[in-house]
Student: 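Pasting in a structure now, in structure tokens, and then I'll have a few things to ask.
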Amino acid sequence: MRIARRTFLTSSIGTAVAPAILRLAHADTPPITLKLHHSFSAVSGVHDKFLLPWARKIETESGGRMHVDIFPSMQLGGAPAALLDQVRDGSADIAFAAPTLTPGRFAKIETFELPFLPSRRALVSSKALTDFAAANLQDEFRDFYTICFSCSDSAAIHAMRPVRTTEDIKDFKVHVQTRLAAEAMLALGARPVMMPSAQLPVAITEHVVDGCLDPWHLVPPLRLNDLLRFHTEFSDRSPSARTYVLAMNKASFDRLPRELKSVIDSNSGQVAAAMAGAMWDQQAAAVANMVVERGDLIVTLLPEAVARWRKATEPVIDTWRKEIKEQKIEGAKLIAAANALLTKYANQPVPQSVQASPPTQQQAVAQPPQPQARPNAAPKPASNPTSPPASAGPSAGQPVRSAVRPAAAPQPAQPQPPAQAATAAPVSSAPPSPTAPPAAAPPTATAPPAAAAPGPSPPAPAAQPSLAVAPAPPAPSPMPKPIPKALDIPL
């Protein structure tokens, strides 16, 4: 009996201390280090707002048993087009790469680069593409463990002069990122120019190009806002996008212990795609807000105007379907699947930091030429002019339609500085913040507008435009004719 009791006690103690022994063993084992390679700079949003947080999440959830070393700017050598080969061959364990940099190799993923197919919101496109890949791209990416797929933020036309119609783009020398974007520009009568993005500033200065069809995230690093002061956006769908994949070497994944594989799995798919998509959208909104603060013109074409651009680029889609049919791929089915998934995710909530700025969208229709946008310019009804912008702004996640330079905001003396300060904060504009002292007396901010409504509104057009953003009813003439800085126009 004593022997049995001692055996039982020994077994119990062994069971109790086993986890501690395992923890000590793991603590003594050096962490598994994974090399993540990409072509973006160390100060880019891709590195700082997506890949770095994702890597830290992996390290935290693995209890320090995995460590991700990130190598930006192609520090491990090679060109961006070689990133997927580096992952396949094991030179890097993980890479964030653009598959279509090697044309013809990943034909199906080009579905999301067709003109006016991807959503204007990168979050929607990224989530849709990740589901699309699970159903349709397994064969193209069979050599990799794919963590997630992503679409860049919506491309806009950045130019030396305003572009509002398809006629404005004819004979325009336009920089493009993808071969399908080049074909779309040809169909519109423009002259596409493909070159490395780093060469774009010199090309603009020397008039090699007149503008570019590029996503917003390229504007700050290339200082395009100093060279191109007119920007055209498209409602609902993007005229061009670039697809990306976060891919891992299969052998590197297979070598991981089961519990560490689970950590990678739980941070793959829609989890990682949502992180990437939100990053692209937040970055695009911040950059567009910045150019508006500088006084640049942003024109947003409404769906009825975009329809003409889409119709002109339909031959590009027809040609693409014929090309991939030669590879025994049904392009029509892929397009239908992509559209169904984009519709599925169309109502994804906008991330909070993107959602913070929409009040400036009230100025989206600053003197558009359409009667719907500005039915009565001189009279007092403020509800009509301010209500269309809420619906006219095609995407709540793109809040950058300020029609007035930020410097104009401090001019009105005391009626509405608190409301202006509230709208300036999400745009992260430093200059307007010194006008915040009047915000200490919010009760006085509501009384003056009511008193000012009966008479003084028509005689003071210059002071009112920037004040129409905050309370819609009290502002009698929110946007007088003089200073249109951004337009939503159905042409």
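These numbers come from the heavy atoms of this one structure, side chains and all, not from hydrogens, waters or symmetry mates. The model shown is predicted, which means the values in this text are computed figures rather than measured ones.
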Student: D265 and Y145: side-chain hydrogen bond (donor to acceptor under 3.5 Å, both in side chains), yes or no, with the steps?
Tutor: CA-CA 10 Å; D265 285 338; Y145 173 87; 2.4 Å; yes

Student: May I ask you to check whether over 12 heavy atoms, not counting those of R56, lie within 6.0 Å of atom CZ?
Tutor: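 Yes, because the 6.0 Å sphere around CZ of R56 holds more than 12 heavy atoms from other groups.
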
Student: Is there a side-chain contact between R65 and E259 (heavy atoms, below 4.5 Å)?
Tutor: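 Yes - at least one pair of side-chain heavy atoms lies under 4.5 Å apart.
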
Student: May I ask you to decide if S41's main-chain N or O and S44's side chain share a donor-acceptor pair within less than 3.5 Å?
Tutor: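 Between the backbone of S41 and the side chain of S44 there is a qualifying donor-acceptor contact (under 3.5 Å).
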
Student: Do T165 and R308 have side-chain heavy atoms sitting under 4.5 Å apart?
Tutor: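 Counting from C-beta outward, T165 and R308 never come under 4.5 Å.
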
Student: Once you round to the nearest 0.5 Å, how far does SG of C212 lie from CG of L218?
Tutor: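 C212 SG to L218 CG: 8.0 Å, rounded to 0.5 Å.
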
Student: Would you find a donor on one side and an acceptor on the other, under 3.5 Å apart, between the side chain of T178 and the backbone of A181?
Tutor: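 Yes, T178 side chain to A181 backbone: donor-acceptor pair under 3.5 Å.
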
Student: Run the salt-bridge test on R242 and D153 with the 4.0 Å N-O cut-off and return the result as yes or no.
Tutor: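 No, R242 and D153 are not salt-bridged.
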
Student: Do the side chain of D281 and the main chain of L123 share a donor and acceptor less than 3.5 angstrom apart?
Tutor: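 Present.
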
Student: Would you give the length of the straight line joining atom NZ of K261 to atom CZ of R258, rounded to the nearest 0.5 angstrom?
Tutor: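 If I round to the nearest 0.5 Å, the distance is 10.0 Å.
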
Student: So does R179 pair up with E110, basic N to acidic O under 4.0 Å?
Tutor: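 Salt bridge flag = yes for E110 with R179.
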
Student: For the residue pair Q86 and H37, confirm or rule out a side-chain donor-acceptor distance under 3.5 Å.
Tutor: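 Yes, H37 and Q86 have a side-chain donor paired with an acceptor closer than 3.5 Å.
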
Student: Would you say the side-chain atoms of S126 pair up with the backbone N or O of C151, donor to acceptor, closer than 3.5 Å?
Tutor: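 Indeed, once roles are kept as given, a pair shorter than 3.5 Å links the two residues.
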
Student: Go through the steps to decide whether H67 and E59 satisfy the test side-chain hydrogen bond (donor to acceptor under 3.5 Å, both in side chains), and finish with yes or no.
Tutor: CA-CA 5 Å; H67 180 74; E59 293 172 2; 2.9 Å; yes

Student: For L84 and A97, work out which heavy atoms get closest and say how close.
Tutor: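 Where L84 meets A97 most closely, the heavy atoms are CG-CB, 3.9 Å.
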
Student: Looking at every heavy atom in both R161 and D168, which two are closest together, and how far apart are they?
Tutor: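 In terms of heavy atoms, the two residues are closest at NH1-O, 3.3 Å.
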
Student: If you apply the rule ring-ring contact (aromatic ring centres under 6.0 Å, His included), what do you find for W280 with Y244, and how did you get there?
Tutor: CA-CA 12 Å; W280 291 120; Y244 290 91; 5.6 Å; yes

Student: What are the two closest heavy atoms between I298 and A288, and how far apart are they?
Tutor: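 Closest approach of I298 to A288: CD1-O, 3.9 Å.
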
Student: Answer with yes or no whether the side chains of N339 and R237 bring together a donor and an acceptor at under 3.5 Å.
Tutor: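 Per modelled atom types, R237 and N339 side chains form a pair under 3.5 Å.
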
Student: Output yes when D139 and R142 qualify as a salt bridge under the 4.0 Å nitrogen-oxygen rule, no when they do not.
Tutor: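 No.
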
Student: So which atom in S39 and which in L83 form the shortest heavy-atom distance, rounded to 0.1 Å?
Tutor: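 Nearest pair, atom of S39 first, then L83: N-CD1, 4.2 Å.
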
Student: Determine whether a donor-acceptor pair (N or O, by modelled atom type, separation under 3.5 Å) exists between the side chain of S238 and the backbone of S240.
Tutor: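 Side chain of S238 to backbone of S240: a pair is present.
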
Student: Can you confirm whether L117 sits close enough to L342 that some side-chain heavy atom of one is under 4.5 Å from a side-chain heavy atom of the other?
Tutor: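 Yes. Closest side-chain heavy atoms under 4.5 Å.
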
Student: Answer with yes or no whether the side chains of H175 and D214 bring together a donor and an acceptor at under 3.5 Å.
Tutor: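 Present: a donor and an acceptor within the cut-off.
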
Student: Do other residues, nucleotides or ligands put more than 12 heavy atoms under 6.0 Å from K325 NZ?
Tutor: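 No, not enclosed.
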
Student: With heavy-atom distances below 4.5 Å as the criterion, would you say the side chains of T243 and L129 are in contact?
Tutor: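 Answer yes - side chains close enough.
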
Student: Heavy atoms, side chains only, cut-off 4.5 Å: are F144 and N249 in contact?
Tutor: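 With C-beta onward as the side chain, the pair stays apart.
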
Student: Check whether any side-chain N or O of S91 sits under 3.5 Å from a backbone N or O of V87 as a donor-acceptor pair, and report yes or no.
Tutor: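 No; judged by distance alone, with no hydrogens or angles, the pair does not exist.
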
Student: Side chains of W320 and T111: does their closest heavy-atom pair fall under 4.5 Å?
Tutor: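 Yes - at least one pair of side-chain heavy atoms lies under 4.5 Å apart.
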
Student: Going by the angle between their ring planes, with limits at 30° and 60°, are F234 and W309 parallel, tilted or perpendicular?
Tutor: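 Rings of F234 and W309: perpendicular, over 60°.
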
Student: Distance check, rounded to the nearest 0.5 Å: I109 atom CD1 versus L334 atom CG?
Tutor: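 The CG atom of L334 is 11.5 Å from CD1 of I109, to the nearest 0.5 Å.
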
Student: Stepwise, does the ring-ring contact (aromatic ring centres under 6.0 Å, His included) test hold for F50 with F96?
Tutor: CA-CA 11 Å; F50 170 47; F96 187 67; 5.7 Å; yes

Student: Do other residues, nucleotides or ligands put more than 12 heavy atoms under 6.0 Å from K333 NZ?
Tutor: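 Incorrect, the count does not exceed 12.
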
Student: Looking only at heavy atoms, what is the nearest atom pair of P201 and A198, with distance?
Tutor: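 Minimum heavy-atom separation between P201 and A198: CD-O, 3.5 Å.
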
Student: Any donor and acceptor pair, going by atom type alone, linking the side chain of T313 with main-chain N or O of R310 inside 3.5 Å?
Tutor: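 Pair found, side chain donor or acceptor close to backbone of R310.
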
Student: Would a distance-only check, ignoring hydrogens and angles, find a side-chain to backbone donor-acceptor pair under 3.5 Å from E140 to A107?
Tutor: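 Confirmed, E140 side chain pairs with A107 backbone.
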
Student: Could you check whether any side-chain N or O of S119 sits under 3.5 Å from a backbone N or O of R121, counting only pairs where one atom can act as donor and the other as acceptor?
Tutor: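 Here the side-chain-to-backbone pair exists.
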
Student: Got a second to check how far T146's OG1 is from L246's CG, nearest 0.5 Å?
Tutor: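 Rounded to the nearest 0.5 Å, the OG1-CG separation comes out at 9.5 Å.
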
Student: Ignoring hydrogens and angles, tell me if any N or O in the side chain of R321 forms a donor-acceptor pair with the backbone of V316 under 3.5 Å.
Tutor: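 No, R321 side chain to V316 backbone: no donor-acceptor pair under 3.5 Å.
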
Student: Return the minimal non-hydrogen interatomic distance between K57 and N267, and the atom names on each side.
Tutor: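 Nearest pair, atom of K57 first, then N267: NZ-OD1, 2.6 Å.
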
Student: Report the distance from atom CD of Q177 to atom CG of L101, rounding to the nearest 0.5 Å.
Tutor: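 Reported to 0.5 Å precision, the distance equals 9.0 Å.
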
Student: Is any side-chain heavy atom of V208 closer than 4.5 Å to one of K173?
Tutor: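 Contact flag for K173/V208 side chains = no.
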
Student: State, without any angle test, whether W216 and E233 hold a side-chain donor-acceptor pair at a distance under 3.5 Å.
Tutor: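 Yes, a side-chain donor-acceptor pair sits under 3.5 Å.
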
Student: Between E113 and T100, is the side-chain hydrogen bond (donor to acceptor under 3.5 Å, both in side chains) condition met? List the steps.
Tutor: CA-CA 9 Å; E113 295 188 357; T100 55; 2.8 Å; yes

Student: Measure the CG-CZ distance between L188 and F172 for me, rounded to the nearest 0.5 Å.
Tutor: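 Here the rounded value is 12.5 Å.
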
Student: Whether D93 and K35 form a salt bridge (side-chain N of Lys/Arg under 4.0 Å from carboxylate O of Asp/Glu) is what I want to check.
Tutor: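 A salt bridge is absent here (no side-chain N lies under 4.0 Å from a carboxylate O).
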
Student: Considering the options F112, F141, F149, which one meets the ring-ring contact (aromatic ring centres under 6.0 Å, His included) requirement together with F132?
Tutor: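 Exactly one candidate clears the test, F112.
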
Student: If you define the side chain from C-beta out and look only at heavy atoms, does anything of L222 sit under 4.5 Å from L227?
Tutor: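 With C-beta onward as the side chain, the pair stays apart.
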
